[in-house]
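Inspection log for the structure reproduced underneath, given as structure tokens.
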Amino acid sequence: MAGLHITRDDETMARAIYPVLMDVIRRRASIDLANLALAVRERCPEPEHPIYRLRPDDLPRPLQVLRAFTSPRGYPDMTCVVVQGTAPLTAEDYADPMRAAARAAGFDWPSVEEQLALQCDKWRRDFERRE
């Protein structure tokens, strides 16, 4: 994840995807890219939101951004609940996908929500300085 250049759309999408993934994790379920896109659109009805410019196949990028937040902190990978068919989207990252999902389900995500918001704010300031 080193060297990941995070854009305004990446940061906006990470904020929008997070609550959807939290719902999926709480239900101990999984979600595919098409349904992830639909769920984000339900939560973000503003037509200028980047979800309306992206296809479901574009969603791995903001998922990678969320991993850029969780991985260095040692948090579970919340994106492990996103599937393609019946397999985790990033199956190569999980020796045991069920264990990764169980770890995500057992984690205290509300305790890191503020940290994610602060990180997104930092990313936003970083790309605003680059503009």
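FYI, the numbering just counts along the sequence from 1.
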Considering all heavy atoms, the nearest [X]-[Y] contact:
X	Y	answer
P76	A104	CB-CA, 3.8 Å
A117	R15	O-NH2, 3.6 Å
E46	Y52	O-CE1, 3.3 Å
V112	Y18	CG2-OH, 4.3 Å
S30	V83	CB-CG1, 3.7 Å
P62	M13	CB-CB, 3.6 Å

Beyond-backbone contact of [X] with [Y], side-chain heavy atoms, under 4.5 angstrom:
X	Y	answer
M78	L66	yes
F69	W123	yes
R53	D58	no
I17	I51	no
R61	D10	yes
E11	Q119	no
D126	I6	no
I31	D23	no

| So L36 and L63, side chain to side chain contact (heavy atoms under 4.5 Å, CB included) or not? Walk me through it. | CA-CA 11 Å; L36 179 60; L63 295 175; 4.2 Å; yes

| query | Is there a side chain to side chain contact (heavy atoms under 4.5 Å, CB included) between R43 and V20 once you walk through the steps? | reply | CA-CA 8 Å; R43 289 178 175 268; V20 173; 3.5 Å; yes

| said: Under 3.5 Å, is there a donor on one side chain and an acceptor on the other for D9 and T12? | reply: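 The criterion, which ignores hydrogens and geometry beyond distance, is not satisfied for T12 and D9.
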
| If two hydrophobic side chains count as joined below 4.5 Å and joins carry through other members, does L38 share a cluster with I25? | no

| said: R41: which residues meet the salt bridge (Lys or Arg N to Asp or Glu O under 4.0 Å) condition with it, sequence neighbours left out? | reply: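 R41 satisfies salt bridge (Lys or Arg N to Asp or Glu O under 4.0 Å) with no other residue.
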
| query | So, D121 side chain and L118 main chain: donor-acceptor pair closer than 3.5 Å or not? | reply | no

| message | I'd like to know whether CD of E114 has more than 12 heavy-atom contacts from other residues, nucleotides or ligands below 6.0 angstrom. | response |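 For E114, atom CD is not crowded (no more than 12 foreign heavy atoms under 6.0 Å).
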
| What orientation do F107 and Y75 show, parallel under 30°, tilted 30 to 60°, or perpendicular over 60°? |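 The arrangement is tilted - the two ring planes meet at 30° to 60°.
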
